[in-house]
Asks: 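The structure that follows is given in the form of structure tokens.
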4 protein chains.
Amino acid sequence: MANTVQPKRRKRVDGELSRERILDAASEIAAERGYEGTSIALVSAKCDLPASSIYWHFKNKDDLIAAVIERSFASWLRAWEVPGDGTARERVQGLAMQIAKALLDSPDFIRLGLMLALERRPIEARARAMFIQARTQTAVALTETLSELTPGLTETQMRQLVTYAIAGADGLFIANEVDDQAVDLIEMFNMHANALYSTAVRLLSENAGQ
Amino acid sequence: MANTVQPKRRKRVDGELSRERILDAASEIAAERGYEGTSIALVSAKCDLPASSIYWHFKNKDDLIAAVIERSFASWLRAWEVPGDGTARERVQGLAMQIAKALLDSPDFIRLGLMLALERRPIEARARAMFIQARTQTAVALTETLSELTPGLTETQMRQLVTYAIAGADGLFIANEVDDQAVDLIEMFNMHANALYSTAVRLLSENAGQ
Amino acid sequence: MANTVQPKRRKRVDGELSRERILDAASEIAAERGYEGTSIALVSAKCDLPASSIYWHFKNKDDLIAAVIERSFASWLRAWEVPGDGTARERVQGLAMQIAKALLDSPDFIRLGLMLALERRPIEARARAMFIQARTQTAVALTETLSELTPGLTETQMRQLVTYAIAGADGLFIANEVDDQAVDLIEMFNMHANALYSTAVRLLSENAGQ
Amino acid sequence: MANTVQPKRRKRVDGELSRERILDAASEIAAERGYEGTSIALVSAKCDLPASSIYWHFKNKDDLIAAVIERSFASWLRAWEVPGDGTARERVQGLAMQIAKALLDSPDFIRLGLMLALERRPIEARARAMFIQARTQTAVALTETLSELTPGLTETQMRQLVTYAIAGADGLFIANEVDDQAVDLIEMFNMHANALYSTAVRLLSENAGQ
DNA sequence: TATGAATGAGACTTCATTCAT
DNA sequence: AATGAATGAAGTCTCATTCAT
């Protein structure tokens, strides 16, 4: 009669599980409605735990949203990696493709993050700080990759190129959000990759000219 | 006809003035905190008029925010116009410069608009619709201008180019918002203009190649 | 058909009336249960106005309790006045009688005030400050009166005498609260008056002896 | 018998220690914020034990506060004892000194107790009852002592004198709480002792006069 | 052309307490 | 001898909005 079911330690394990359920619910709502639009009552209803239980797992709403950002940033970082072969232009295009797909796969991170970035309420939310930190990390990773693909740029030029690369991605993401029928995101990211490559080439030629 | 006192128009004028004060306050707050973060009480405190007076001038909160968008869009449209001379590349650069400066001068329109665009709350707000309409108008104007500057593109290519142009502008605006010290917006818009021009040239050469 | 009923401007007048109703309810509850025990819901139920209406009249709970203190202090001050004739001892006794009766008539001020005075929560409540200020005013008034009745005391002695006078009153009030059947407050205040007078005489004789 | 390890008593000892830590934390908080202001969460944070552990040691919040009163009353009683020699006036003064010092040494008992005594919430708390019982015990002890020091008073006079003695002590304690810089508690208790003695003498002479 | 007063709903958060482990 | 997790009730306060004047 070997009892294979082991309901022991359920509560202990359920703690982590509950936390995850709360984060799932909060992610979904926050991506839809932003910081202020995400009410604890809404999250509570969606994850089917009383509001007071949410406060067992998170200090307050800010803490909760920050945890949402943290978790979704991790999964976003996992989603893209540098392609290893082909010409420089092809590899830049390949990278852009990765990012485009990551954006389409898990848009919550960017959507919520951009909303937080745009908000400027007097008391800086921890959640906002967390997004900006995540974005800085992205910029560092991108700098490394582009440095390898298009060597010879000055530090300033590199920084500008990375800023422009990220800006284009953000902007295209928004364009897709505003009217997802009119925009072929993959196609547009391809155009962005080409533009980036052309820009790099132009900058290099300027360096040579001087 | 020397009667300088005009008590008849007095009330009307005061009314307009109050309306303007409300819009000023609402603009500032909405640009800082988004739709949900803009409470009537906050607006009331900032413009020093009772909340009930706001409801005399505007049907409800949605109507107020929509009016904010409407007014700031008008001033934004007024701020840029196509430069008339020079080479095509120079004129694209000139246009980019206009837009960059308009963004720096009255950033509220874009900031609030982007926030609204990113939000996806179930019931579409009139304010969001108004921003998207304003943006469509911008796209139309941009299409006209770019058609003139880089003729020969197919309609699809043109639409893509305009989408990319706007996306870049949005993205650079956000980059500037996130860290306004690290980004020289004018410089970056110049880079964007060059990238746009290069893209147009590439597309044209592809057309010729086919 | 001269209509003598004038329901006009009712709402405007009701504002003051509502404020008074709220203060009445809050006074009663706060005197019974102290600062923390006075919940807005309780006050709301007792004055039959929704909680949100209380916030129209008072900024927050602290503001409300402070207003309670303020109002009850005013009525308390009105309740006692210095008796004008008789020997010094008789006049001190007469004054004590006034205060004893004032305490019995409107005990809320003292009860709530003492509770606030005893509390030492980190963030000082405005209500507590208000009580302490009221009490200082009482001390000043008492100093004037006693100076006239028992002249010749040094400033330090006077201050001590006043402190002792108030302390005795506070203590007797508490004794009456703890067990109002065992204590005849009037009788006890008479004893207090005699003790005060004896103390003054003793101090004066010490002064003379030096 | 050289076994120095005693794991059997270990749990018991730890338990007592936890209980003590909880009581320490609760005492401090309750003396600062009163009954309602003392939340289990606050106590839990201060003693660094989970809230559920507090409920292992105490039935509920009321039980906890009652235990606080009980413990602090014991230490308070331990702190004063009747001086054995000198004139009656000197011995009364000596006793007053003891009490003044006990008040300064462990003020928590009185502060919390007075707060409870002043509160009149509908459902009598066990904690309040415990304080009143403690206070009755003090009155009995004081009656014994004063009977010995000033014999010849009627029972009623004695009860009044004891009531007045305690009232003065309470009042002076409060004066010291409200503004501890302006009040020299030792000096004031000396004044109180003299006043008590004078009162006793006056009462005795009245008895003789009748 | 306003506005003082009010209000029900809902915001975030803490409360005292329980229970399975 | 504890404790992680949960929970319904209640806490203070703000919300958008209405209405009589």
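Chain letters run A, B, ... following the sequence lines, proteins first and then strands; every chain starts at 1.
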Asks: Considering non-hydrogen atoms only, spot the tightest contact between C:G37 and C:I29 and give its length.
Replies: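 Scanning both residues completely, I find the closest heavy atoms to be O-CG2, 4.5 Å.
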
Asks: Could you tell me the Watson-Crick or G-U partner of F:dA1, where both distances fall under 3.5 Å? Say none if there is no partner.
Replies: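 Answer to the pairing question: none, since F:dA1 forms no Watson-Crick or G-U pair.
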
Asks: Given F:dA2, E:dT17, E:dG4, which nucleotide is nearest the side-chain atoms of B:P50?
Replies: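 The nucleotide sitting nearest to the side chain is E:dG4.
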
Asks: In terms of side-chain heavy atoms of B:Y55, which of F:dC15, F:dT17, E:dC12 is nearest?
Replies: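 So the side chain of B:Y55 is nearest to F:dT17.
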
Asks: Look at the side-chain N and O atoms of A:S52 and state whether any lies under 4.0 Å from the OP1 or OP2 oxygen of F:dA6.
Replies: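 No, because none of the side-chain N or O atoms of A:S52 sits under 4.0 Å from OP1 or OP2 of F:dA6.
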
Asks: Closest to the A:S18 side chain: E:dT14, F:dA16, F:dA6?
Replies: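 Of all the options, the side chain of A:S18 is nearest to F:dA6.
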
Asks: What is the separation between atom OH on A:Y35 and atom C1' on E:dC12, rounded to the nearest whole Å?
Replies: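 That distance rounds to 10 Å.
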
Asks: For the side chain of B:I40, starting at C-beta, report the closest nucleotide among F:dA16, F:dT12, E:dT7.
Replies: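 The answer is F:dA16, which lies nearest to the side chain.
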
Asks: Over how many whole Å does the gap from A:D62 atom CG to E:dT13 atom P extend?
Replies: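 Taking atom P of E:dT13 as the reference, CG of A:D62 is at 9 Å.
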
Asks: Could you tell me the Watson-Crick or G-U partner of E:dT17, where both distances fall under 3.5 Å? Say none if there is no partner.
Replies: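 Base-paired to F:dA6.
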
Asks: Classify D:S44 by what it touches in the nucleic acid, base, sugar-phosphate, or nothing, heavy-atom distance under 4.0 Å.
Replies: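 The residue D:S44 makes no contact with any strand.
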
Asks: Please tell me which of A:R19 and B:A51 maps to the more 5' nucleotide of DNA chain F, matching each residue to the nucleotide holding its nearest heavy atom.
Replies: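 Its nearest nucleotide being more 5', the pick is A:R19.
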
Asks: At 4.0 Å (heavy atoms only), tell me whether D:S39 reaches a base, stays on the sugar-phosphate, or touches nothing.
Replies: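 Contact class for D:S39: sugar-phosphate only.
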
Asks: Between the side chain of B:D108 and the main-chain N/O of B:A31, is any donor-acceptor distance below 3.5 Å?
Replies: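 No: the side chain of B:D108 does not pair with the backbone of B:A31.
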
Asks: Salt-bridged, D:R71 to D:D24, with N to O below 4.0 Å?
Replies: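 The answer is yes: the pair qualifies as a salt bridge.
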
Asks: I want to confirm an ordering. Mapping B:S53 and D:A41 to their closest nucleotides on DNA chain E, which one lands closer to the 5' end?
Replies: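 Of the two residues, B:S53 wins.
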
Asks: Using atom CD1 of A:I22 as one end and atom C1' of F:dA5 as the other, report the distance to the nearest whole Å.
Replies: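 The answer, rounded to whole Å, is 10 Å.
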
Asks: Any side-chain heavy atom of B:S44 within less than 4.5 Å of one from B:L49?
Replies: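 The answer is no; the side chains never approach within 4.5 Å.
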
Asks: By nearest nucleotide on DNA chain E, pick out whichever of B:I54 and A:K61 is the more 5' one.
Replies: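 Taking each residue's closest nucleotide, the earlier one in sequence belongs to B:I54.
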
Asks: Figure out the CD/P separation between D:E16 and F:dA2, and round it to whole Å.
Replies: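 Roughly 10 Å, once rounded to whole Å.
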
Asks: Output the rounded distance in Å from CG (B:D63) to C1' (F:dT17).
Replies: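 Taking CG of B:D63 and C1' of F:dT17, I get 14 Å after rounding.
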
Asks: Looking at A:R128 and A:E119, is any side-chain nitrogen of the basic one under 4.0 Å from a carboxylate oxygen of the acidic one?
Replies: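 No salt bridge links A:E119 with A:R128.
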
Asks: Does a distance-only test, which skips hydrogens and angles, find a donor-acceptor pair under 3.5 Å between the side chain of C:W56 and the base of E:dA6?
Replies: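 A donor-acceptor contact between them is absent.
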
Asks: Find out whether the Lys NZ or Arg CZ of D:K61 is both under 6.0 angstrom from the six-membered ring centre of D:Y55 and within 45° of the ring's axis.
Replies: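 Output no; distance or angle outside limits.
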
Asks: Give the nucleotide from the list F:dA5, F:dT17, F:dT14 with an atom nearest to the side chain of A:H57.
Replies: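 Among the listed nucleotides, the one closest to the side chain of A:H57 is F:dA5.
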
Asks: When the distance from CZ of D:R33 to P of E:dC15 is rounded to whole Å, what number comes out?
Replies: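 My rounded result for the distance is 9 Å.
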
Asks: Reading DNA chain F from 5' onward, which residue's closest nucleotide shows up sooner: A:L49 or C:K59?
Replies: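 The answer here is A:L49.
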
Asks: What's the CG-P distance between D:N60 and E:dC15, to the nearest Å?
Replies: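 Whole-Å distance recorded here is 16 Å.
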
Asks: From CG of D:L42 over to P of E:dC15, roughly how many Å is that when rounded to an integer?
Replies: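 Atom-to-atom, D:L42 to E:dC15, this comes out as 7 Å.
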
